[in-house]
Amino acid sequence: MPAPHERTLRVRAAGSADLEAIARLHTAARAAYQRARFPDAPFDTAAEHTRLHTAWHRVLGPEGTPVLCAVRQDTVVGAAAYRQDVHGPATAELHQLHVDPGHWGTGVGRALHTACLHAWRAAGCSRAVLDVLWHNHRARSFYTRLGWRPDPRRRPAPDATHLALTLPLTAPAAQ
């Protein structure tokens, strides 16, 4: 039987009405993982929120990027965005996956990931790729537990700030 917090979690398509909540949780999540590397830097500033709000406004706009959000008790607590065929045919790219830090470790990220897997497989994708910040050890560990591995087809970023990961979709992956 699922834990009480899992029973109330729902993943659905995100819309423009979710923009502010997604920008807010992304700002908080980014600040939390960046503080692990730069403890004194202010990453949750108004300027950073505005930057992420603008970025998510483009993603949620008419370009058709699929965006999912996780909702718990009418509050958006996580979001994921992905693209298809950017890195080749039948390839999905997990472009964003963020969870409000107050909900880390409660299954929100896993629920969003599972919803993405279902969408990618339904669209006929055979592999997925993502880039994760090298120093974001929490995210790297999360993706490793879900079956993601370094992508031998994609070279590391020239500045070595990101790690390219891949996940085969032909067989069910860890969910």
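All figures in this text were calculated on a predicted structure; none of them were measured in a lab.
Summarising the geometry of P152 relative to T166, their closest heavy-atom pair is CD-CG2, 4.4 Å, with the distance given to 0.1 Å. For A70 against L9, the heavy-atom pair with the smallest separation is CB-CD1, 3.8 Å. Here the closest non-hydrogen pair linking V77 and H103 is CG1-NE2, 3.3 Å. In terms of heavy-atom proximity, V11 sits nearest to A115 at CG1-CB, 3.7 Å. The two residues L94 and A80 make their nearest non-hydrogen contact at CD1-CB, 4.4 Å. Closest approach of L25 to A79, counting heavy atoms only: CD1-N, 4.4 Å.
With rounding to the nearest 0.5 Å, the separation of OG1 in T27 from NE2 in H98 is 9.5 Å.
Residues V67 and Y82 are not in side-chain contact: their nearest non-hydrogen atoms beyond the backbone lie 4.5 Å or more apart. Annotation: side chain of R149 is not in contact with side chain of Y143 (no heavy-atom distance under 4.5 Å). Between H135 and H162 the shortest side-chain heavy-atom distance does not fall below 4.5 Å. A 4.5 Å side-chain heavy-atom check between T91 and C125 finds every atom pair outside the cut-off.
Not a single side-chain hydrogen bond (donor to acceptor under 3.5 Å, both in side chains) links N136 to another residue, sequence neighbours left out. Checked against side-chain hydrogen bond (donor to acceptor under 3.5 Å, both in side chains), W148 has the following partners two or more places apart in sequence or in another chain: H113.
The residue from V132, D151, D131 that alone fulfils the side-chain contact (heavy atoms from CB on, under 4.5 Å) condition with L165 is V132.
When hydrophobic clusters are built by joining Ile, Leu, Val, Met, Phe, Trp and Tyr residues whose side-chain heavy atoms come closer than 4.5 Å, directly or via intermediates, V76 is grouped together with L60. Under the 4.5 Å side-chain contact rule for hydrophobic residues, L146 and W120 share a cluster. In the hydrophobic cluster analysis, where Ile, Leu, Val, Met, Phe, Trp and Tyr join through side-chain heavy atoms closer than 4.5 angstrom, F142 is grouped together with V99. L68 and V108 fall within the same hydrophobic cluster, where Ile, Leu, Val, Met, Phe, Trp and Tyr residues are linked whenever their side-chain heavy atoms come under 4.5 Å apart, directly or through other members. The same ILVMFWY cluster, assembled from side-chain heavy atoms under 4.5 Å apart, contains both L130 and L167.
Distance alone, capped at 3.5 Å, places no donor-acceptor pair between the T8 side chain and the R72 backbone. Counting only distance, with no hydrogens or angles, the side chain of W56 and the backbone of I22 share no donor-acceptor pair below 3.5 Å. Side-chain N or O atoms of R83 include none that pairs as donor or acceptor with a backbone N or O of T65 at under 3.5 Å. For S141 (side chain) and H137 (main-chain N/O), no donor-acceptor pair under 3.5 Å exists by modelled atom type. Formation of a donor-acceptor pair under 3.5 Å by the R140 side chain with backbone atoms of W134 is found in this model.
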| said: Show, in sequence, the C-alpha distance, side-chain angles and deciding distance for H53 and L19, and conclude whether the side-chain contact (heavy atoms from CB on, under 4.5 Å) test is met. | reply: CA-CA 7 Å; H53 189 279; L19 174 60; 3.3 Å; yes
| Taking it one step at a time, do R153 and R127 satisfy side-chain contact (heavy atoms from CB on, under 4.5 Å)? | CA-CA 12 Å; R153 299 182 199 182; R127 74 188 275 264; 3.5 Å; yes
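Salt bridge R12/D18: present, at least one basic N to carboxylate O contact under 4.0 Å.
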